[in-house]
Amino acid sequence: MLFNSLQFIYFLPIVIIGYFLLPHKFRWILLLLASYYFYMCWRADYIILIVVSTLIDFFAARRMGQHTERKRRKKYLILSLFTNLGLLGTFKYFNFFTENINQLFEYFNVASQIPALNLLLPVGISFYTFQTLSYSIDVYYGKIKPETHLGHFALYVSFFPQLVAGPIERFDRLSPQLKAKHNFSYENLANGLRLILYGLFIKMVIADNLSVYVDQIYKAPEAFSSWGLLTGVSLYSFQIYSDFYGYSTIAIGSALIMGIRIMDNFKTPYLARSVSEFWERWHISLSTWFRSYLYFPLGGNRVKKYRWMINIFIVFAVSGLWHGANWTFIIWGAMWGILYLVENQLNKLFKFQKIAKEWSLRHFIMATKIFVISTVAWIFFRSQSFSEAMTILKNIVTNTNVEKQLNVEPRILLLLGLFIFSDIFLFNNRFDKWSAKQNVVLRWVIYAFLLFSIIVFSGVEDFPFIYFQF
Amino acid sequence: MNNFKKIGIRIVVVITLLVGFNFIYQYLFYENDVKKEASIIEILPEPSDSAQILYFAESSNFTSHKFDVDKRSISEIIAAYYPAKKLIDVDKGALHSGIYKVLLGNIPEENQIETIIVTLNLRSFGADWIYSKLETSLQKSIVLIQPNLPLLNRIQLSFKGYDVKTNKERHEQVIRHWKRDKLNFPYDFKYTNALDWEKGKNNEGFWFDNGDKDYAKTALACHYIKSYGFSIDENKNPRIKDFDDIVAYCQARKWNVVFNLMAENTEKANELVGSDLIFLMRRNRDFLVDRYSKKGVIVVDNLEDVATQYYIDQNWTTEHYTEEGRLKIAATVADSLKLLYANEYQQISEPEIIQASYFTNSCENNTTWQNINTLSNEQAFDGMYSSKINMDQPYSITFERALKFIPDSTKNKVLVNFKALRTIEHSAVKVVLELQGDYVQPKWLVQNLNESEPNCWVEHVYQFDLTETDLRSYNLIKIYCSNKLEASTFIDSWELIFE
């Protein structure tokens, strides 16, 4: 089920009303059933993957909890890792690896070919497997106690607002909230609806409208002028941001109505002043996941410098691979890793003041730099292949004599401008908190504008959330 | 209680806003949105057209063969039988009852319509068409023209309140139905569903004499099974509901309803798959004829009326007919319309299919030949013009005719006679007879132009023997001269005799 579907408009109120009408001890059942239904609306049979992952992690963690010896706990951790990474490997990466191995075979004139699997990538598999993995690893290290109630654990794995595209929540943050008794709060309802409204606006009005233009330049980059291509790739930076930010905002809003607070996933990333700050503001739940479960286990920064640099590079490259089984994603991740290291070294070398003062001219110059860097990186992220990305980059330079421009409707540009303005305005703030403080007239004018835009100005092409494919 | 009051007030405010939005949307944005996102509505006639009969159809109506002489659509031919009635077609490729239904709902109250003719396409009841990958865009195209408030339609469009599926999901849907929907033969049959049947047919296959598998023929047989191997379930098949709705709607508006059950290539189905498939096709046909006749609809049964050679797509299942097929179907529909318009019916003469064996062209008035852009007044054997050929325009005016319009008795040889004037001594002009067919490579019979004195008109006579060519594989014959040199040659006074 998509957040921007009629189905969800019916589904959410029913779940919320049911949630508050039911006695507390039955609420988890409702939420679990609702979450499974939410997932099964996309494809019913793939729910089995979530169930398998849930059962194995639940029992593996229980077993880990019964042993104090690391050695004995380890085999259950391996079981959990094997299951989750196995699912991920089979459904997401198998064909990528076999394709590369087959190419290698071909290069060395080896006749045999590994056949590809004809499997549909389960929506959100990267998100829920990472969520359960974090649980198993935390139990292994003794940071949390294993959950004793299978139903509660199943709900933690599958809680519908963040099941298919995050934010990836930690067990110790989300599970207690799912178990706690939440009374109906008008404030939560209002704030939740504000976030849903704003999230729908940026997904349906901004991202979906921009995607039409972005698709045009990626379909025929040779046909557009340099300026047209630059416009198109810049629009993609806003498209992917508004698409994912929109989804996360709706997720946070939907959970908030029930009194459950999901972590923020974005904090105006294009106003970041450095590469490291960008990653503190972009897809925060994934960045922190990698920091906790890959960067620190690799030694973090408590190792020799060259080793630290390798660690950083590995974390970014793996983060790229997490997004998709394609070299373009790995290159995208590796690019960020290199940029991170270069920035770090330059800062040390020239003793740059690391963070510019907020709203200073330097802040805007630094933010522009980050926007340009991320826009170039997104070219690799959006392209289907390395050669396609290079074609775009080459045509940006060479197509100066091509006349065709990317003609964006003024209405779309105006709406995009409003979104950029609101995003800058909400720097280090959130729409629900900001709007709650405004006077009633201004507040309702904004609501009316958002609602009208969502209904009348939404993109009409069928574009699912970009991050669903990851 | 306080919370309920707060929520209640806000709900009222939101409803008021939505009512206001509906007005703003309707007057400022709706028309533009319909033009952009529901352009399908443009296929409906303008109210000012004052049509009395509307003919709703898919591509079966207008698709013609490239060798057809009569390119008219089925609806145009039907209209010719009723010159006193204005018949307008409402057609577009891949349309089906679900779309016709919505289009009908958009016909304004003020109209002159008396009768609605709708194609009842048997194949459209199968999973292959119901869950076709074209369906998502078709469904999207009718969202804004549903009979609701404009804002409600826009909400449906914005929130994807229509059947949205990816191509892969559509394909899975089709497979699921082929697997799940039972064939329900009243006798023992090896297979219970279309998918197993298709697999069985694929394993059985067709084989060439040399022992190789005929993959193309086998695939076509399988495709026939997938297209027609189903039993219409009156409770579950969505097309039934759509056609029922069409009948109810038309009757409510006091329009006569005619369902035109389209012809399918049953001969081919029988040849490739056999009588079991024909049994299903006939049973489905009987069910539809019976169901809708009982509802007061005139059902025109064309299912087996078109002979196999009159289907344009011999390698696929479509309802695309050559002129003979379209004429046949139109005649049957026109005949059935007598029930409504007996006095207005006028017999039209059979199309004049002129079979001829003798053709001339003096390059003056006869513009029925091709490449008339080569006509030039620089030189002429008689009259003002001749056909000038050189490297810029290498092909002379061209005789082009469907072979069916040349009598079989005169298809043994062709005598080609014309006058030519070359501007240099040694030219490389060729006289070409070209044969074209749907499923074969073109064949060229070529002779060099005989040597002759430059700058004077000389008569040339050539003979092409056709006895060694299997003309059944070809549909079209062309005769022309070609010259790829810079120096021009002029050709005039053509005479072609088929013997």
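Classification of K201(B) and E198(B) as a salt-bridged pair fails, no side-chain N sitting under 4.0 Å from a carboxylate O.
Heavy atoms closer than 4.5 Å to chain B are found in the side chain of I9(A), but not in its backbone. Interface remark: L18(B) contributes side-chain atoms only to the contact with chain A (heavy atom separation under 4.5 Å). Of the atoms belonging to F21(B), heavy atoms from both backbone and side chain fall under 4.5 Å from chain A. Contact of L17(B) with chain A is made through the side chain alone, with heavy-atom distances under 4.5 Å. In this structure, the portion of L189(A) lying under 4.5 Å from any heavy atom of chain B is its side chain and not its backbone. The parts of F457(A) that come within reach of chain B are both its backbone and its side chain, each placing non-hydrogen atoms under 4.5 angstrom from that chain.
Between the side chains of S422(A) and Y198(A), at least one donor N or O sits under 3.5 Å from an acceptor N or O. There is no side-chain donor-acceptor pair under 3.5 Å between H96(B) and S124(B).
Across every non-hydrogen atom of M204(A) and S158(B), the tightest pair is CE-O, 3.3 Å.
A cation-pi arrangement is absent between K203(A) and Y247(A), since the terminal nitrogen or guanidinium carbon is not both under 6.0 Å from the aromatic centre and inside a 45° cone about the axis.
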